[in-house]
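Okay, handing you the structure first.
In this chain, residues are counted from 1 in sequence order. Whatever order the structure lists ligands and atoms in, that order sets their numbers, starting from 1.
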Amino acid sequence: MVELKSNPKRFLPAIKSDSSHLWKIEDSEELYRIKSWGQRYFSINAAGHITVCPKGDRGGSLDLFELVNALKQRNLELPLLIHFSDVLEDCIEWLNSCFAKAITHYNYPGIYRGVFPIKCNPQRHLIEDLVRLGKPHQFGLEAGSKPELMIALAQLDTAGALIICNGYKDREYIETAMLAQRLGKTPIIVLEQIEEVNLVIAVNRQLGIKPILGVRAKLSTQGVGRWGTSTGKRAKFGLTIPEIIQVVDKLREANLLDSLQLLHFHIGSQVCSINAIKDAIKEASRIYVELAVLETNMNYLDVGGGLAVDYDGSQSNFHASRNYTIQNYANDIVAEVKESCSERNIPVPTLISESGRAIASHQSVLVFDTLSVSQVSFESPEPPLEGESPIITHLWEIYQSIHKDNFQEPYHDVTQLNEEARSRFNFGLLNITERAKAEKFYWACHQKILNITRQLEYIPDELSDLEKIMASIYYINLSVFQSSPDCWAIDQLFPIMPIHCLDEEPTQRGILADLTCDSDGKIDRFIALRDVKPILELHSIKSGKPYYLGMFLQGAYQEVMGNLHNLFGDTNAVHIHLTPKGYQIEHVVKGDTITEVLGYMQYNSDDLAENIRKQIEQALQEKHITLTESQRLQQNYEQSLSQYTYLSS
Ligand SMILES: *Cc1c(COP(=O)(O)O)cnc(C)c1O
């Protein structure tokens, strides 16, 4: 269940039209909530522009508006997705320092070792930055598919950093992961399906390499939010308790029980409520302790992803927010695991989290420009002329009668009269000039009523759409689907605001419509302290002056979701046509190979293979790998590159 902050219709406009008030940048700060979602990274400067502090509290800042202008002078046209690697570094530092503080505070006799889930943002430059910036913390990578494993193996060269191997696995995936131990890497194969244990045992017999294994538990704890079904009995991934026991038995039989070192769970992304996290940790800690008393080698507890981002800055358990801080998150994990282990006198595990969103969101901003605005005309109407239709006179009277104690009834009357004007026009009883006049009255009455309702504490339900009906449409130079697919596909909220003019009052209220012919290509839901706003406060566009908007916290999932989620490219497609004799395959459309999808992310597969070849050569020289093993690893790696991204059976 997605929890709503309250009835989303009862949206109250944030600006009270008050002409005596001089607009200050503080008003913009409050209106766009930039201090809350912007954390230490985004604020507004005296010029009314957005300032970025990519190093957080560690100093240094730049003016986003000026940056965009400078980029434009280098022929980098909008829309522009701007990445800040310093923000990435700061987020890595922050997460690690929160766990470090919790570990000190609770005297936890163990460590934290984070991994980044590649699916969250697989762009090569980001992964390279992440590996480099994460080195001081031995930050590792999480692979959720075979192409992601190939990235992790070639890119992660940090000694001691973990490679968590999740997702569906075929024999090649498992062999490759095990053989990678010979290159000095620490791949942990997380068993998510019962069949995978048989494959692991078979590969172990064949290669004689002892795997490092984990199990993914399907917790009974219900997740919350949009991805809440990632856990619970009906979850897609993970093993139930009886299945975990089955895995333990099989491993014991194969003499591999001591390979089992890790317990993993994942209760969904953007978990907005700390209670859901606490419940999950409690259950997982109990399972961990029970596994640790067997002849396993339990050593790691991996709490998965789910660490949420406060997109609307409301610090609530609304789906676009979170009702906890990263420090609260770390504290709860550390305290709970310590308690469960000390109850049974079990050594505490190394804690792992697979936090994607929390690390990658803030580092990128999408800046785009507005092309034009379409507005409802607000001119005050002329009184009726001699001989005009009685409808016009009637509308005029209604228009005159609207005041702060009388607006609901006129609203209904005017709606009805507008309908009547339409049908009279269709019957030839109203000429086109009269029809135009009637329509003008209709909008003028709406505007007058809207001005009244904006001053109210409570807006009657039937009038709650007025703001939306009267909103201007700002045409933006963007494809929402291409650039921010979650905004389009799952109505995810992202902070959107002008990046300049913030020292002026935004007198317009608008929705955004993109360049695509797609009627879905619009944005009409915006962040608010309470609820979701149907409009965004914007400035009038001055002719000849640019008006730039920024969509923030874009770094997680958006870049890759459009068509390459998890680096699964297009699937092979066949078009089947039924015939009297059965069917006929009309078209076959081949899907992407791993080399192709990696190429879209700017990886060169020859370079990747060469990188692995060098590492194998070194391992051979140092006699860590046998010639046969090395041939097999090289062959698997190279073969996979030319294969389809989906698994082979
Ligand atoms: C998606 C996913 C993550 C990342 O989740 P975030 O909420 O972005 O931190 C981590 N682990 C697994 C198994 C996932 O599927």
Side-chain angles (χ1 to χ4, degrees), residues 88 91-92 94-96 98-99 112-122 126-127 130 134 139-145 147-149 152 162-169 188-193 196 214-219 223-232 235-239 262-274 276-277 280 284 300-311 319-322 324 326 329-330 333 351-364 486 490 492 494 553-561 564-568:
L88 184 69
C91 288
I92 297 171
W94 190 270
L95 178 64
N96 278 281
C98 285
F99 270 96
Y112 167 74
R113 196 52 68 79
V115 294
F116 180 75
I118 295 174
K119 74 147 187 256
C120 183
N121 193 333
L126 185 122
I127 296 292
L130 200 121
F139 223 67
L141 292 172
E142 184 261 359
S145 66
E148 288 178 5
L149 177 67
L162 306 173
I163 299 175
I164 303 291
C165 307
N166 286 332
Y168 284 102
K169 302 165 197 74
I188 305 183
I189 300 171
V190 179
L191 304 169
E192 308 196 351
Q193 315 265 332
E196 287 171 0
V215 281
R216 174 165 180 170
K218 212 181 250 191
L219 299 184
V224 287
R226 217 182 288 283
W227 291 269
T229 49
S230 302
T231 182
K236 187 163 119 192
F237 295 108
L239 303 168
L262 175 144
L263 177 72
H264 166 69
F265 70 88
H266 174 70
I267 60 167
S269 199
Q270 186 64 15
V271 178
C272 47
S273 158
I274 191 75
I277 291 167
Y300 300 104
L301 179 60
D302 175 354
V303 303
L307 176 53
V309 166
D310 192 4
Y311 292 100
H319 62 73
S321 185
R322 63 167 188 229
Y324 56 92
I326 300 185
Y329 176 81
I333 292 171
L351 297 169
I352 302 168
S353 81
E354 303 173 350
S355 309
R357 203 180 280 281
I359 284 197
S361 288
H362 284 79
Q363 52 86 32
S364 79
D486 277 348
I490 57 171
Q492 169 148 5
F494 292 101
L553 315 193
Q554 290 290 297
Y557 301 107
Q558 301 320 298
E559 281 168 68
V560 72
M561 276 286 259
L564 283 174
H565 193 33
N566 255 148
L567 294 187
F568 283 119

Can you find a heavy atom in the side chain of Y311 that is under 4.5 Å from one in the side chain of Q270? yes
Kindly indicate whether the side chain of K169, heavy atoms from C-beta on, has any atom under 4.5 Å from the side chain of E192. yes
Using the side-chain hydrogen bond (donor to acceptor under 3.5 Å, both in side chains) definition, which of the options R113, H264, R216 pairs with D302? H264
Less than 3.5 Å apart, N/O on ligand 1 and N/O on the protein: could you list those pairs with the distances?
{"residue": "ligand 1", "atom": "5 (O)", "partner": "Y557", "partner atom": "OH", "Å": "3.4"}
{"residue": "ligand 1", "atom": "7 (O)", "partner": "S269", "partner atom": "OG", "Å": "2.5"}
{"residue": "ligand 1", "atom": "7 (O)", "partner": "G306", "partner atom": "N", "Å": "2.9"}
{"residue": "ligand 1", "atom": "8 (O)", "partner": "R357", "partner atom": "N", "Å": "2.9"}
{"residue": "ligand 1", "atom": "8 (O)", "partner": "Y557", "partner atom": "OH", "Å": "2.5"}
{"residue": "ligand 1", "atom": "9 (O)", "partner": "G306", "partner atom": "N", "Å": "3.4"}
{"residue": "ligand 1", "atom": "9 (O)", "partner": "E354", "partner atom": "O", "Å": "3.4"}
{"residue": "ligand 1", "atom": "9 (O)", "partner": "G356", "partner atom": "N", "Å": "2.8"}
{"residue": "ligand 1", "atom": "11 (N)", "partner": "E354", "partner atom": "OE1", "Å": "2.5"}
{"residue": "ligand 1", "atom": "15 (O)", "partner": "K119", "partner atom": "NZ", "Å": "2.6"}

Ring-plane angle category for Y329 and Y324, please: parallel below 30°, perpendicular beyond 60°, tilted otherwise. parallel
Min side-chain heavy-atom separation I92-F116 under 4.5 Å: no
Atom pair OG/NE2 of S273 and H319 - distance to nearest 0.5 Å: 14.5 Å
